[in-house]
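To keep things clear, I will list the structure first and then write my remarks on it.
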Amino acid sequence: MKHGTSIEKQLGAPASPTPPIPVPSKDAVEMPSSKLQQQWNTNNLGLRLGADFTSAACAASMVAPLIAIIDRSIMENASGRNTLSNSLKSSLRTLLSRPHTMLFSKPVALIFMLYGGTYLTANTLDTTTSTVRNKPATHVTTGTLKFAASSAANVGLCVYKDQVFVKLFGPGGPPRPVPLPSYLLFTARDCLTIFASFNVPPLLGPVLNERMSASLRKKISGTTIAQFAAPAFVQIFSTPVHLLGLDMYNRPGAGGRVSWRDRWTQVRKNWAISTAARICRIVPAFGLGGTVNMKVRRNLMERLA
């Protein structure tokens with residue numbers, strides 16, 4: 001016994017059992033992944049993008065024929081090929097007697113591309129924002145990014161559309177390249193319209209609401225009035241810019257043959273009637289088209305949410 005006891009003293013007391021190494025549970029391992037998934041709303045993302053395209057196409061198809069007819073009449077009136085009234089009558093007669101010829105024409109396709117591309121840019125930006133910020137599918141953004149993206153799409157596509165229109169409906173003879181000053185004037189014209197359509201209504205709307213009676217505000221808001229009135233009003237200033245761009249294409253000033261006085265006379269001659277025509281095209285483009293795009297997209301997204 002003493003011998004055994006001495007051996008135990010030499011070896012020391014039995015070592016305590018080693019504590020188990022903690023192993024993370026399955027839930028603990030998957031937690032970061034589930035948190036990451038919650039940061040992105042990818043539910044029905046493909047169908048949501050399809051809804052963006054469908055709503056943009058519906059809105060653009062509704063406004064394209066009328067806007068194409070008005071734009072053609074302004075171009076032909078400015079170039080001297082036809083009067084504005086006769087051009088409108090001719091196009092409307094074609095639309096009623098041979099609708100397929102008008103609806104599938106190049107001018108209508110260009111207008112469809114212009115406004116369909118503008119609406120689609122705004123829609124996909126909303127869907128992208130709702131995805132990366134985990135917002136509902138019906139989420140609609142407002143701010144600088146949306147204004148910049150929509151403006152870039154609208155200005156770029158509109159300048160391309162105009163350089164095709166001036167070749168189709170400008171003065172006779174072989175088509176000429178559109179000069180840089182015309183491009184710059186068309187860009188300035190579109191910037192004025194986009195500013196009046198996106199920036200002015202949020203500022204002007206509250207001012208109108210304060211001056212409207214309570215009964216009138218129940219029927220229509222000041223922002224809605226501003227949404228229609230501001231783009232229409234700015235045409236008084238953007239139309240001469242548009243006409244000057246057309247005149248610089250229709251009458252090239254090489255060698256100083258056309259003075260600025262002559263150009264101003266031509267612009268002033270067509271200012272009033274062209275302003276009225278452009279107001280008629282702006283109301284469906286930014287009023288009716290924007291409303292259709294918004295409502296169709298919202299209804300489709302509510303079904304996918």
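Note: hydrogens, waters and symmetry copies are ignored here, and every other heavy atom, side chains too, is used. Residue numbers count from 1 along this sequence.
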For this session: Show the numbers, then the answer: is there a side-chain contact (heavy atoms from CB on, under 4.5 Å) between I282 and Q235?
Result: CA-CA 9 Å; I282 285 298; Q235 300 310 306; 3.5 Å; yes

Exercise. side-chain contact (heavy atoms from CB on, under 4.5 Å) between L246 and F169: does it pass, once the steps are laid out?
Worked result: CA-CA 11 Å; L246 293 178; F169 308 121; over 6 Å; no

For this session: Show the numbers, then the answer: is there a side-chain contact (heavy atoms from CB on, under 4.5 Å) between K146 and V140?
Result: CA-CA 10 Å; K146 188 172 188 179; V140 176; 3.5 Å; yes

For this session: Using the side-chain hydrogen bond (donor to acceptor under 3.5 Å, both in side chains) rule, take T187 and D190 through it: C-alpha gap first, then chi angles, then the decisive distance, then the call.
Result: CA-CA 5 Å; T187 301; D190 292 334; over 6 Å; no

Exercise. Between F53 and N123, is a side-chain contact (heavy atoms from CB on, under 4.5 Å) present by the stated rule, with each step listed?
Worked result: CA-CA 8 Å; F53 178 83; N123 292 346; over 6 Å; no

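The minimum heavy-atom distance between A285 and I67, with the atom names listed, is CB-CD1, 3.5 Å. Residue L103 comes nearest to P65 through the heavy atom pair CD2-CG, 3.6 Å, listed as atom of the first residue, atom of the second, then distance. Considering every non-hydrogen atom in both S130 and P136, the closest pair reads CB-O, 3.4 Å. Between G116 and A56, the shortest heavy-atom contact is O-CB, 3.8 Å.
With sequence neighbours excluded, no residue forms a side-chain contact (heavy atoms from CB on, under 4.5 Å) with S97. I225 meets the side-chain contact (heavy atoms from CB on, under 4.5 Å) test with L208, M212, I220; sequence neighbours excluded. Under the rule for a side-chain contact (heavy atoms from CB on, under 4.5 Å), the partners of P179 that lie at least two apart in sequence or sit in another chain are P181, S182, Y249. Listed by chain and residue number, R251, R263 satisfy the salt bridge (charged side-chain N to carboxylate O under 4.0 Å, His left out) test with D247 (two or more places apart in sequence, or in another chain). Not counting sequence neighbours, the partners of A149 by the side-chain contact (heavy atoms from CB on, under 4.5 Å) test are T121, L125.
Within a 6.0 Å sphere centred on CE of M113, heavy atoms belonging to other residues, nucleotides or ligands number more than 12. Atom NZ of K167 sits in a crowded spot, with more than 12 heavy atoms from other residues, nucleotides or ligands closer than 6.0 Å. Within 6.0 Å of atom CZ in R133, 12 or fewer heavy atoms from other residues, nucleotides or ligands are found, so the atom counts as exposed in its surroundings.
Using a 4.5 Å cut-off on side-chain heavy atoms (C-beta onward), R189 and C158 make contact. Counting heavy atoms from C-beta on, the side chains of T129 and H139 come closer than 4.5 Å. A heavy-atom distance below 4.5 Å is found between the side chains of I69 and M102. In this structure, V258 and Q266 have side chains that are not in contact, with every pair of non-hydrogen atoms separated by 4.5 Å or more.
S221 contributes no side-chain N or O that, together with a main-chain N or O of R217, makes up a donor-acceptor pair within less than 3.5 Å. Side-chain N or O atoms of W271 include one that pairs as donor or acceptor with a backbone N or O of I236 at under 3.5 Å.
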Would you tabulate the side-chain donor-acceptor contacts of residues 80-88 under 3.5 Å, counting partners in other chains and residues two or more places apart, or write 'none'?
residue, atom, partner, partner atom, Å
R81, NE, G170, O, 3.4
R81, NH1, L168, O, 2.8
R81, NH1, G170, O, 3.1
T83, OG1, N86, N, 3.2
T83, OG1, N86, ND2, 3.0
S87, OG, E76, OE1, 2.8

Return all side-chain donor-acceptor pairs below 3.5 angstrom for residues 298-305, not counting sequence neighbours, or 'none' if the list is empty.
residue, atom, partner, partner atom, Å
N299, ND2, K295, O, 3.2

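Note: I279 CD1 to S238 OG = 9.0 Å, rounded to the nearest 0.5 Å. To the nearest 0.5 Å, atom CG of residue L114 and atom OH of residue Y160 are 12.0 Å apart. With rounding to the nearest 0.5 Å, the separation of OG in S90 from CG in L95 is 11.5 Å. Between N209 atom CG and L216 atom CG the span is 9.0 Å, to the nearest 0.5 Å.
In the hydrophobic clustering of this structure, L157 groups with Y183; members are Ile, Leu, Val, Met, Phe, Trp, Tyr whose side-chain heavy atoms approach within less than 4.5 Å, directly or through other members.
Cation-pi geometry between K161 and F165 is satisfied (NZ or CZ under 6.0 Å from the ring centre, within 45° of the ring normal).
Pairs of residues two or more places apart, or lying in two chains, that qualify as salt bridge (charged side-chain N to carboxylate O under 4.0 Å, His left out) and include a residue from residues 278-290 are D71-R281. Note on residues 46-57: pairs passing salt bridge (charged side-chain N to carboxylate O under 4.0 Å, His left out), not counting sequence neighbours, are D52-R297. Among residue pairs with one or both ends in residues 216-246, those qualifying as ring-ring contact (aromatic ring centres under 6.0 Å, His included) are F186-H242, F233-F237; sequence neighbours excluded. For residues 228-244, no residue pair satisfies the salt bridge (charged side-chain N to carboxylate O under 4.0 Å, His left out) rule, not counting sequence neighbours. Counting only residues at least two apart or in different chains, ring-ring contact (aromatic ring centres under 6.0 Å, His included) contacts with residues 84-121 are absent.
N270 pairs with exactly one of N77, T275, T239 by the side-chain hydrogen bond (donor to acceptor under 3.5 Å, both in side chains) rule, that one being N77. If you run side chain to side chain contact (heavy atoms under 4.5 Å, CB included) between T131 and each of D126, L45, L49, only L45 comes through.
There is no side-chain donor-acceptor pair under 3.5 Å between N154 and S151.
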